[in-house]
Amino acid sequence: MPELPEVETTRAGIAPHLVGQRVVEVKVYQRQLRQPVTPGLATALKGGVINAVERRGKYLLLKSGQGCVIIHLGMSGSLRLVKRDQPLEKHDHVAFLLASGKSLRFRDPRRFGLVLWTRKPPQQHPLITKLGVEPLEANFDGDYLYAAAQKRTVAIKQLIMNGQVVVGVGNIYASEALFRAGVHPARAAKRISRVRYERLVVAIKSVLAEAIKQGGTTLRDFYNGAGEPGYFKQHLKVYGRSGLACVECGAAIRQIVLGQRSTWYCGRCQR
DNA sequence: CAGTCGCCCTGCGTGC
DNA sequence: TGCACGCAGGGCGACT
């Protein structure tokens, strides 16, 4: 489900309802996620005030004076704000009850997501320390990606989806960015020129920024914190379009598998 | 070290 | 209507 634009949309949607709010209670209905929900979370956070809601890659960070909740939405996770007495939905695993009378619900059918608690600064957490650069920040540029690609034979699509290189680029936006840049997704990373990396970085930044503006991509079940879908789906040019005509040249969009993930591209526009 | 693969889990669409 | 199968927006750890 969520790549960087969807996580950022979620963050922006829930932040105004959380910042300054006291957490009255934390309820954990299912602790078995990708990792178990941190056992001390409910006790540690209860009574604390959320000072900030930040994002690092695809991780959401709810910061309080006592520590930080680290949330990852995995493939199917979502967060939404509801009235506290609203009935639980199936797969609601954690609820953060707020003094305002609202409840932040973490729902995740496939349970690939995470809800963790750390007292240390979150950037010191093992899952966060190893993360690569933020794609929308200035230090992600053509030189950086070109340098990261040297000596690497892996397909370029897998390189830009590698969170230790650059965070937040998932399966949808990787295909879309490569199409915009005219780069074939299976091309070995080290076989791409510096100039083409400049173009690719611009493409990644633009596709992510535009998707954020549209509130993300709703394929099936992504909704922002208020329950509204994202509208970037109608701007997708290759993702999920096997056999359909390329919007640029009319050739049929092809589908292959790279790193066990479906990949779409135009064999004529992308080299 | 880089790269490949299996796997965690549930739900949905398709084809028989 | 039911069932089997493949596939899904992610990422880790074991292995070569």
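Fair warning: this is a prediction, and the values are worked out from it, not measured in the lab. Chain naming here is simple, since letters A, B, ... match the order of the sequence lines and numbering starts at 1 in each.
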Begin from the C-alpha positions of Arg80(A) and Asp92(A) and carry the test salt bridge (Lys or Arg N to Asp or Glu O under 4.0 Å) through to its verdict.
-> CA-CA 10 Å; Arg80(A) 70 189 195 290; Asp92(A) 278 346; 3.2 Å; yes
Which nucleotide in the list dG11(B), dG3(B), dG10(C) gets nearest to the side chain of Glu3(A)?
-> dG10(C)
d([atom1], [X]; [atom2], [N]) in whole Å:
| X | N | atom1 | atom2 | value |
| --- | --- | --- | --- | --- |
| Leu114(A) | dC8(B) | CG | C1' | 11 Å |
| Ile128(A) | dG10(C) | CD1 | P | 16 Å |
| Phe222(A) | dG10(C) | CZ | C1' | 15 Å |
| Arg31(A) | dC9(B) | CZ | C1' | 18 Å |

Name the nucleic acid region contacted by Leu33(A), choosing base, sugar-phosphate or nothing; use a 4.0 angstrom heavy-atom cut-off, strictly under.
-> nothing
What does Tyr59(A) touch in the nucleic acid at a heavy-atom separation under 4.0 angstrom: a base, only the sugar-phosphate, or nothing?
->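 Touches sugar-phosphate only.
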For atom P, what is the distance between dC9(B) and dC3(C), given to the nearest Å?
->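 Those two atoms are separated by 23 Å.
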Can you tell me how far C1' in dT4(B) sits from the matching atom in dG9(C), rounded to whole Å?
-> 22 Å
Interface residues of residues 88-96 of chain A with DNA chain C (non-hydrogen, below 4.0 angstrom) |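 Contacting residues: none.
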Listed in order of residue number, which residues of residues 255-265 of chain A have a non-hydrogen atom at under 4.0 Å from DNA chain C?
->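 Contacting residues: Arg261(A), Ser262(A).
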Taking only Watson-Crick and G-U wobble pairs with both distances under 3.5 Å, what dot-bracket line describes DNA chain C, where [ ] shows pairs that cross earlier ones and | shows pairs with another strand?
-> .|||||||.|||||||
Do any pairs count as a side chain to side chain donor-acceptor pair (under 3.5 Å) and have a residue in residues 156-169 of chain A, sequence neighbours left out, and if so which ones?
->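 Residue pairs passing side chain to side chain donor-acceptor pair (under 3.5 Å), neighbours aside: Lys157(A)-Asn171(A), Lys157(A)-Thr263(A).
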Within the structure, does a side-chain N or O atom of [X] lie under 4.0 Å from either OP1 or OP2 of [N]?
| X | N | value |
| --- | --- | --- |
| Arg152(A) | dG3(B) | yes |
| Thr153(A) | dG3(B) | yes |
| Tyr173(A) | dG9(C) | no |

With nearest nucleotides of DNA chain B determined for Gln32(A) and Arg220(A) from heavy-atom distances, which residue corresponds to the more 5′ nucleotide?
->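 Looking at the nearest nucleotide for each, Gln32(A) comes out on the 5' side.
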For Glu6(A) and Tyr223(A), what are the C-alpha separation, side-chain angles and deciding distance, and is it a side-chain hydrogen bond (donor to acceptor under 3.5 Å, both in side chains)?
-> CA-CA 8 Å; Glu6(A) 291 74 37; Tyr223(A) 297 94; over 6 Å; no
In terms of ring plane angle, is the pair His93(A) and His91(A) parallel, tilted or perpendicular, where the classes change at 30° and 60°?
->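 Plane angle over 60°, so perpendicular.
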Going by the angle between their ring planes, with limits at 30° and 60°, are His184(A) and Tyr265(A) parallel, tilted or perpendicular?
->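 His184(A) and Tyr265(A): tilted rings.
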Please determine if Lys46(A) and Glu25(A) form a salt bridge, counting it only when a charged side-chain N lies under 4.0 Å from a carboxylate O.
-> no
Glu210(A) with Arg180(A): basic N within carboxylate O range, under 4.0 Å | yes
Considering heavy-atom distances to DNA chain C, does Lys58(A) or Lys130(A) have its closest nucleotide positioned more toward the 5' end?
-> Lys58(A)
Between Thr10(A) and Asn224(A), is a side-chain hydrogen bond (donor to acceptor under 3.5 Å, both in side chains) present by the stated rule, with each step listed?
-> CA-CA 5 Å; Thr10(A) 299; Asn224(A) 66 16; over 6 Å; no
Is any N or O donor-acceptor pair between the side chain of Arg110(A) and the base of dC9(B) shorter than 3.5 Å?
-> yes
Tell me, please, which residues at least two apart from Ala181(A) pass side-chain contact (heavy atoms from CB on, under 4.5 Å).
->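 Testing Ala181(A) for side-chain contact (heavy atoms from CB on, under 4.5 Å), a comparison that skips the adjacent residues, returns Val183(A), Leu200(A), Ala203(A).
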Apply salt bridge (Lys or Arg N to Asp or Glu O under 4.0 Å) to Arg187(A) and list each qualifying residue two or more places apart in sequence or on a separate chain.
-> none
